[in-house]
Amino acid sequence: IAFHREQGAAGLLEAFAAGHAHFDEVLRTLQDTDWDRPCYHRRGNMSIGHYAILRLQELTIHGWDIRSPFDVTATLSVPPLPWLLPPMQRWLTSAFRPLPELRTPLRYRFETSGSFTVQQDVLVSQEGVHLEAVAAHPADVTFRCTTGDALLLIYGRRSLEQAAEAGCLEIVGEPSQAALFPALLWELCSADPLARQSAR
């Protein structure tokens, strides 16, 4: 905030671009054997490969946060989507909190469309949340949307009502059970100012 006040929007953007360009140059020097090496992060040490994916996640999701208030048709960039799926388990595990309304385990299924698709079950119980391959038996609730819209829902950026009203989401299943899914994410979403603004 202080830097923005001193340098203005143009200076802030220039500093961001320069820092990102330097980071990109560092990544280009890495060898195949480097990606598993540990590096520092404020959340704890992680591999260089994990750090790079986390950076890509931040650029993609927060890029949407910045654009969406000015463009109601804004979508997530498609090329990074395959890399954003692996961190999804950690996000859901961190966001989970038991809810009294969750009396029995529920299976949520994502059936996505677009240039990059994914079929994924999210099994939720009082013990936690787990990603599983699509099971043979039917899901309690199925969400049908693009992969980008699925991630916006999972990361708490868009509500079920907003996505459904915009024609971006089809919900198959009991509405009350569907409504429990974003409720599981609110604790983490409310801790993220950008996510909280986007969810309003």
Can you confirm whether [X] is buried at [atom1], in the sense that more than 12 heavy atoms of other residues, nucleotides or ligands lie under 6.0 Å from that atom?
X: Phe70; atom1: CZ; result: no
X: Glu14; atom1: CD; result: no
X: Gln31; atom1: CD; result: no
X: Tyr51; atom1: OH; result: no
X: Arg37; atom1: CZ; result: no

Spacing of [X] atom [atom1] and [Y] atom [atom2] [to the nearest 0.5 Å]:
X: Leu56; Y: Ser77; atom1: CG; atom2: OG; value: 8.5 Å
X: Leu131; Y: Phe110; atom1: CG; atom2: CZ; value: 9.5 Å
X: Gln162; Y: Leu153; atom1: CD; atom2: CG; value: 10.5 Å
X: Asp65; Y: Arg157; atom1: CG; atom2: CZ; value: 4.0 Å
X: Leu106; Y: Leu123; atom1: CG; atom2: CG; value: 8.5 Å
X: Thr146; Y: Leu76; atom1: OG1; atom2: CG; value: 8.0 Å

Do [X] and [Y] have side chains that get closer than 4.5 Å, going by heavy atoms?
X: His20; Y: Arg55; value: yes
X: Ile154; Y: Leu152; value: no
X: Val134; Y: Gln120; value: no
X: Val141; Y: Arg109; value: no
X: Val118; Y: Leu85; value: yes

Out of curiosity, does [Y] fall in the hydrophobic cluster containing [X] (side-chain heavy atoms, cut-off under 4.5 Å, transitive links)?
X: Ile171; Y: Leu180; result: yes
X: Leu30; Y: Phe23; result: yes
X: Leu81; Y: Leu54; result: no
X: Trp83; Y: Phe116; result: no

**Study point:** Distance-only polar pair, side chains of Ser125 and Glu127, donor-acceptor under 3.5 Å
**Key:**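 On atom types as modelled, these side chains qualify, holding a pair under 3.5 Å.
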
Check your understanding: Does one side chain, of Tyr155 or Gln57, offer a donor that lies under 3.5 Å from an acceptor on the other?
Key ->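 Their side chains do contain a donor-acceptor pair, which is all the 3.5 Å distance test asks for.
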
Practice item. Assess whether side-chain contact (heavy atoms from CB on, under 4.5 Å) is satisfied between Asp121 and Tyr108, documenting all intermediate values. Key: CA-CA 6 Å; Asp121 279 5; Tyr108 296 95; over 6 Å; no

For [X] and [Y], work out which heavy atoms get closest and say how close.
X: Arg158; Y: Ala163; value: CD-CB, 3.6 Å
X: Pro79; Y: Pro82; value: O-CD, 3.3 Å
X: Leu160; Y: Ala178; value: CD1-O, 3.2 Å
X: Val78; Y: Ser115; value: CG1-OG, 3.2 Å
X: Ala150; Y: Thr112; value: CB-CG2, 4.1 Å
X: Cys145; Y: Cys168; value: CB-O, 3.1 Å

Exercise for review: Walk me through it: do Glu111 and Thr142 pass the test side-chain contact (heavy atoms from CB on, under 4.5 Å)?
Suggested key: CA-CA 7 Å; Glu111 296 180 353; Thr142 298; 3.8 Å; yes

Review point. Between Phe181 and Phe143, does the ring centre distance come in under 6.0 Å?
Key: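 Yes, the ring of Phe181 comes within the 6.0 Å limit of the ring of Phe143, centre to centre.
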
Practice item. Before accepting this row, confirm whether a basic side-chain N of the pair Arg107/Asp140 lies closer than 4.0 Å to the acidic partner's carboxylate O. Key: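 A salt bridge is absent here (no side-chain N lies under 4.0 Å from a carboxylate O).
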
Review point. Quick one: does Trp64's side chain have a donor or acceptor within less than 3.5 Å of a partner on Ala74's backbone?
Key: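 Looks like yes, one N/O pair under 3.5 Å.
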
Exercise for review: Starting from the C-alpha separation in whole Å, work towards a yes-or-no answer on side-chain contact (heavy atoms from CB on, under 4.5 Å) for Asp36 and Ile48.
Suggested key: CA-CA 6 Å; Asp36 291 328; Ile48 293 175; over 6 Å; no

